[in-house]
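Taking it in order: structure first as structure tokens, then the write-up.
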Amino acid sequence: MEERQPIWKDYRLHIMVLIFTVIAELIGSQTIPLGRFSFTLAPLIFSMVLMTVFYLIPQQKIITERNTKNASQMMALAGGLLIAKLGVSSGAAIEEVLQAGAAVTLQNLGGGFSFILGLPVAMLLGLRREAVGMTFGVSREANLTLVSEKYGGESPEFRGVMTNYIVGTIFGVVAVSFLISVLAEIPFISPKSLALATGIGSASMMVGGLGTLLEQFPEIATELEAYAAISNLISSVVNIYIAMFIGLPLTEKAYSWFTRKKSKE
């Protein structure tokens, strides 16, 4: 097995990231009409898609599996810098954020009931215990840790949450950006509430959704950044308790109910 290079020596990865970043910036933000709605693709989306497509080219030897761990470290480093920057923005608009009150915390309750839609669909697709890990929450770091501690790293539940984590890491930014773009076109939905919604405990998904909002509402950029940053911070803390005391127990009960009903049929 080839030894992984230190991140500062992985020049191929740094060069390709720079190339695709420049290309994405040259493409710029693109607004795509979709019937009565439209959605905006920020440069971040193009850079991620281009890099993913390049990585999946079968014969290329520039970016391979050994570079992926370094890429994850770079993402964590960039996310830290982003959170620091957004923290400064949050301070500038802290009074307005505080006016949101309980909404910043209560919005996370939705994650505890994601199984209502996700679990039946997963079971219809033939998944069993994997469906529990996939559908009890947002499948981010806190959920991975909870499932690993409760069921073990070799369990089907862990395979389920890990699958969602990987898929969310790759496609989550695009999905959140698209969804926020569509919702932003609905007149009675406030862009500030959408900024809150981007903070689900994932820095990359927050960036995707927030970038779309900033393109559409640049005049309130400071407020949107503040709402997103505070929401993401609170979500990172609150999600583990919602998953532990609401999401996972209810998903387990729902799974038991579905399996009993299926066995009777």
Side-chain angles (χ1 to χ4, degrees), residues 28-46 48-49 79 82-83 85-87 89-118 121 135 137-140 164 167-169 171-239 242-243 246-247:
S29 299
Q30 299 294 323
T31 300
I32 301 175
L34 189 66
R36 56 172 296 195
F37 300 109
S38 64
F39 62 96
T40 302
L41 296 178
L44 172 68
I45 306 300
F46 293 112
M48 291 188 67
V49 171
L82 172 71
I83 296 301
K85 186 265 182 187
L86 292 178
S89 299
S90 302
I94 191 64
E95 291 185 5
E96 185 162 352
V97 172
L98 291 175
Q99 292 177 8
V104 182
T105 301
L106 293 178
Q107 67 159 354
N108 291 284
L109 287 174
F113 299 92
S114 59
F115 71 92
I116 294 175
L117 293 176
V121 173
T135 61
V138 295
S139 297
R140 303 319 297 165
N164 263 14
V167 172
T169 300
F171 300 107
V173 177
V174 177
V176 170
S177 177
F178 174 79
L179 181 60
I180 291 295
S181 296
V182 173
L183 293 175
E185 296 295 326
I186 301 177
F188 59 83
I189 297 182
S190 166
K192 295 178 183 178
S193 67
L194 293 177
L196 281 178
T198 64
I200 64 170
S202 168
S204 59
M205 293 185 195
M206 182 197 69
V207 171
L210 180 60
T212 298
L213 282 176
L214 295 181
E215 290 290 337
Q216 295 183 256
F217 304 100
E219 68 280 2
I220 54 172
T222 300
E223 289 87 350
L224 296 180
E225 289 177 353
Y227 274 95
I230 295 295
S231 176
N232 200 62
L233 176 61
I234 294 176
S235 295
S236 300
V237 177
V238 172
N239 276 342
I242 291 177
I246 299 177

**Distance, nearest 0.5 Å, that separates CD1 of I189 from CD1 of I180** = 9.0 Å

**Close side-chain approach of S231 to T198, heavy-atom, < 4.5 Å** = no

**Message:** Side chains of I200 and M206, heavy atoms from C-beta outward: is any pair under 4.5 Å?
**Reply:** no

**Complete:** Residues T212 and S177: closest non-hydrogen pair is OG1-OG, 2.6 Å

**Fill in**
Tightest non-hydrogen contact, residues Y227 and A195, listed as CB-CB, 3.9 Å

**Request:** For side-chain hydrogen bond (donor to acceptor under 3.5 Å, both in side chains), just list the numbers for S114 and T135, CA-CA rounded to whole Å, side-chain angles, deciding distance to a tenth of an Å, and then say yes or no.
**Result:** CA-CA 6 Å; S114 59; T135 61; over 6 Å; no

**Request:** Just jot down the side chain to side chain contact (heavy atoms under 4.5 Å, CB included) partners of L179, sequence neighbours excluded, or say none.
**Result:** L183

**Asked** Is any side-chain heavy atom of F113 closer than 4.5 Å to a side-chain heavy atom of I246?
**Response** yes

**Message:** In the structure I gave you, are the side-chain heavy atoms of S190 and L194 within less than 4.5 Å of one another anywhere?
**Reply:** no

**Least distance between heavy atoms, P191 atom then I220 atom** = CG-CD1, 3.9 Å

**Request:** Would you indicate whether the side-chain heavy atoms of L210 and E225 approach each other to under 4.5 Å?
**Result:** yes

